[in-house]
Amino acid sequence: MTVYKKAKDLSDYLSDQKKKGVSAGFVPTMGALHQGHLALIRSSKNENRITVCSIFVNPTQFNNADDFRHYPVTIEKDIEALITNGCDILFLPSEKEIYPDNQAVKEYDLDGLETVLEGHFRPGHFQGVCQVVDRLLNIIMPDRLYLGQKDYQQCKVINKLIELTGKQNNISLTIEPTIREEDGLAMSSRNLRLSVEQRELAPAIFETLLFVKSNFLNRSILQVKAEAYSFLEGKGFNVDYFEIANADTLAPSTNINDPLVAVVAAYIGTIRLIDNVILN
Ligand code: AMP
């Protein structure tokens with residue numbers, strides 16, 4: 001695996017490869033890699049000649065300074081895992097490489113996606129996600145981009161970004177299923193920050209999502225949502241939202257004929273976890 005730290009070196013190399021018809025798949029990450037990330041690497045390996053992974057803890061997408069400061073960094077282990085899984089290129093940029101001094105800050109028009117759910121509770125988060133992904137896509141120009149369903153709303157936002165920047169004919173987006181621990185907890189770099197007691201509590205998030213999936217057709221959606229919310233609060237979670245939403249627009253929905261997704265964000269102590277399941 002080759003490690004690139006400079007955007008220009010990487011984009012020169014990859015555009016050369018592109019001219020030779022070599023396909024490239026891209027997996028953007030913030031590191032502290034786990035099996036969820038590595039499943040994306042393996043999918044890219046199966047479908048592309050070159051697989052590029054980036055590790056960059058993007059400051060502009062953190063609306064909470066403490067969360068940014070404590071975000072886990074395990075770079076030596078990450079490099080080992082990437083090599084073991086056959087990743088070809090790791091892009092490991094400094095902040096200046098992603099946000100050079102002369103680069104204007106763009107505003108992205110994300111419509112309703114920016115004001116609901118994560119957008120509502122994390123103001124500015126998706127603008128930050130778009131800034132970093134726009135820059136990374138311009139450097140790497142992949143044929144295929146791999147994202148995890150774990151961050152459902154982020155997938156929708158990045159799909160929109162690809163449209164907004166006119167890249168929809170050049171980049172195909174693949175969304176891979178959420179990889180979970182044996183007890184159902186969605187793998188997340190932030191899980192590393194859970195205490196033993198918090199880790200024991202954490203699978204209740206997925207349990208609640210499964211409860212909703214089994215019950216939303218035989219009770220009213222409003223009722224099932226309220227039960228899910230109070231179940232989690234009763235267990236000691238501090239719930240930002242537990243919502244049943246239209247799976248395309250992410251607007252709240254009570255119509256069982258809509259494509260539906262149940263989405264949740266909840267704190268255990270100071271650690272904020274998110275998860276989702278498709279309902280129908
Ligand atoms: P992150 O490092 O958290 O920014 O995540 C990088 C990519 O990995 C994003 O596309 C995430 O959705 C994806 N990802 C994170 N956790 C999981 C998981 N448990 N299963 C599948 N994909 C995941």
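In what follows, every heavy atom counts, from backbone to side chain, and hydrogens, waters and symmetry copies are set aside. In each ligand, atom 1 is the first atom listed, and ligand 1 is the first ligand listed.
Here the protein heavy atom with the shortest distance to atom 20 (N) of ligand 1 is Ile179 N, 2.8 Å. Nearest non-hydrogen protein atom to atom 6 (C) of ligand 1 is Pro28 O, 3.3 Å. Given atom 22 (N) of ligand 1, the protein heavy atom at minimum distance is Gly148 CA, 3.4 Å. Nearest protein heavy-atom neighbour of atom 14 (N) of ligand 1: Asp151 OD2, 4.2 Å.
A donor-acceptor contact closer than 3.5 angstrom is absent between the side chains of Gln127 and Gln131.
Using modelled atom types, no side-chain atom of Asn63 and backbone atom of His125 make a donor-acceptor pair closer than 3.5 Å. Using modelled atom types, one side-chain atom of Asp183 and one backbone atom of Leu185 make a donor-acceptor pair closer than 3.5 Å.
Residue Cys155 places no heavy atom under 4.0 Å from ligand 1. The shortest heavy-atom distance from Pro177 to ligand 1 is under 4.0 Å.
Note: Tyr241 and Phe121 meet the aromatic proximity criterion, with ring centroids under 6.0 Å apart.
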message: Please evaluate residues Lys167 and Asp134 with respect to the criterion salt bridge (charged side-chain N to carboxylate O under 4.0 Å, His left out), reporting the C-alpha separation (whole Å), side-chain torsions for both, the decisive distance (0.1 Å), and the verdict.
response: CA-CA 10 Å; Lys167 293 187 176 81; Asp134 193 8; 3.5 Å; yes

Residue pair Phe211, Phe231: steps toward the ring-ring contact (aromatic ring centres under 6.0 Å, His included) verdict: CA-CA 10 Å; Phe211 162 81; Phe231 176 76; 7.5 Å; no

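Residue contacts with ligand 1, taken as heavy atom pairs separated by less than 4.0 Å, involve Lys150 solely via side-chain atoms from C-beta onward.
Nearest to atom 9 (C) of ligand 1 by heavy atom, out of His34, Gln154, Gln149, is Gln154.
Checked against a 3.5 angstrom limit, the closest N/O atoms of His37 and ligand 1 fall inside it.
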